[in-house]
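Structure first, then comments.
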Amino acid sequence: SHCPVNTIVEILTSFVILSKNTPPIVSTISNSKSQITFARNAGCHIYTEKPAVVYANKKFIFMHTAEESTYQVSVPENKRLFDVWNEKEVTESIFCRKGESFLWELEDKK
């Protein structure tokens with residue numbers, strides 16, 4: 001059976017995605033496995049599977065966390081995260097407090 005249009009719209013706006021051929025994508029808080037699988041199968045990049053609000057484009061990622069946890073941040077191949085506010089490179093595994101915000105620049109790996 002097919003999903004109703006409003007369900008598809010809800011799915012497409014409720015997780016962390018950035019399609020290879022589109023401008024910036026805004027997400028809402030969700031970590032539904034079915035929504036993440038749907039996005040992956042559609043060719044979208046999933047920045048994190050933890051609940052967070054993420055704004056991303058080809059150069060920057062902003063993330064605001066929804067829970068205290070260690071977040072795995074997946075960056076595109078051959079890229080690394082640079083913390084704009086603290087001026088340092090960061091790992092892709094980051095402990096976050098609930099309600100914490102991050103701004104990273106995506107840089108080419110050297």
Side-chain angles (χ1 to χ4, degrees):
S1 75
H2 297 283
C3 290
V5 172
N6 62 338
T7 302
I8 293 171
V9 169
E10 181 180 65
I11 288 170
L12 293 175
T13 59
S14 63
F15 49 82
V16 181
I17 61 172
L18 180 64
S19 176
K20 296 174 186 169
N21 300 315
T22 62
I25 301 292
V26 178
S27 74
T28 58
I29 296 171
S30 177
N31 64 343
S32 164
K33 295 294 180 193
S34 62
Q35 292 174 352
I36 291 169
T37 300
F38 180 85
R40 257 198 199 104
N41 291 340
C44 299
H45 181 85
I46 308 298
Y47 281 98
T48 185
E49 292 189 14
K50 296 280 188 175
V53 174
V54 173
Y55 300 88
N57 62 22
K58 291 180 180 181
K59 187 72 174 162
F60 293 99
I61 302 171
F62 173 84
M63 182 174 83
H64 183 77
T65 61
E67 64 185 28
E68 185 170 305
S69 182
T70 299
Y71 280 67
Q72 297 293 330
V73 181
S74 171
V75 296
E77 199 171 316
N78 298 319
K79 296 289 184 181
R80 65 187 181 113
L81 294 173
F82 183 80
D83 186 328
V84 174
W85 293 329
N86 295 307
E87 298 182 351
K88 64 180 183 178
E89 186 175 351
V90 295
T91 64
E92 294 176 18
S93 178
I94 303 161
F95 179 78
C96 307
R97 294 183 307 269
K98 180 179 181 178
E100 193 168 11
S101 296
F102 300 89
L103 179 61
W104 300 301
E105 184 174 2
L106 283 170
E107 296 183 337
D108 292 329
K109 284 187 177 176
K110 295 178 182 179

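These numbers were taken from a predicted model, which means no experiment stands behind them. As a basis for the values below, the full set of heavy atoms in this structure was taken, side chains included, without hydrogen atoms, waters or symmetry mates.
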### Query
If you group Ile, Leu, Val, Met, Phe, Trp and Tyr by side-chain heavy-atom gaps below 4.5 Å, do W104 and L106 land in one group?
yes

### Query
Should F82 and W85 be counted in the same cluster of Ile, Leu, Val, Met, Phe, Trp and Tyr side chains packed under 4.5 Å apart?
no

For residues 92-103, dump all side-chain donor-acceptor pairs below 3.5 Å to protein atoms at least two apart in sequence or in another chain.
{"unit_1": "S93", "atom_1": "OG", "unit_2": "Q72", "atom_2": "NE2", "d": "3.1"}
{"unit_1": "E100", "atom_1": "OE1", "unit_2": "R97", "atom_2": "N", "d": "2.8"}
{"unit_1": "S101", "atom_1": "OG", "unit_2": "H64", "atom_2": "ND1", "d": "2.6"}

### Message
Minimum heavy-atom separation for K50 and Y71, please, with both atom names.
### Response
CB-CE2, 3.1 Å

Extract all donor-acceptor atom pairs below 3.5 Å that involve side chains of residues 73-80 and protein atoms in other chains or at least two apart in sequence.
{"unit_1": "K79", "atom_1": "NZ", "unit_2": "D108", "atom_2": "OD1", "d": "2.7"}
{"unit_1": "R80", "atom_1": "NE", "unit_2": "E107", "atom_2": "OE1", "d": "3.4"}
{"unit_1": "R80", "atom_1": "NH1", "unit_2": "E89", "atom_2": "OE1", "d": "2.6"}
{"unit_1": "R80", "atom_1": "NH2", "unit_2": "E107", "atom_2": "OE1", "d": "2.5"}

### Query
Quick one: are I61 and Y55 in side-chain contact, heavy atoms under 4.5 Å?
no

### Query
With T37, which residues qualify under side chain to side chain donor-acceptor pair (under 3.5 Å), at least two apart?
none

### Message
Test of understanding: with side chain to side chain donor-acceptor pair (under 3.5 Å), list the residues that count as partners of N41, not counting sequence neighbours.
### Response
none

### Message
Which residues pass the salt bridge (charged side-chain N to carboxylate O under 4.0 Å, His left out) test with E68, not counting sequence neighbours?
### Response
none

### Message
According to salt bridge (charged side-chain N to carboxylate O under 4.0 Å, His left out), who are the partners of K59, at least two apart in sequence or on a separate chain?
### Response
E105

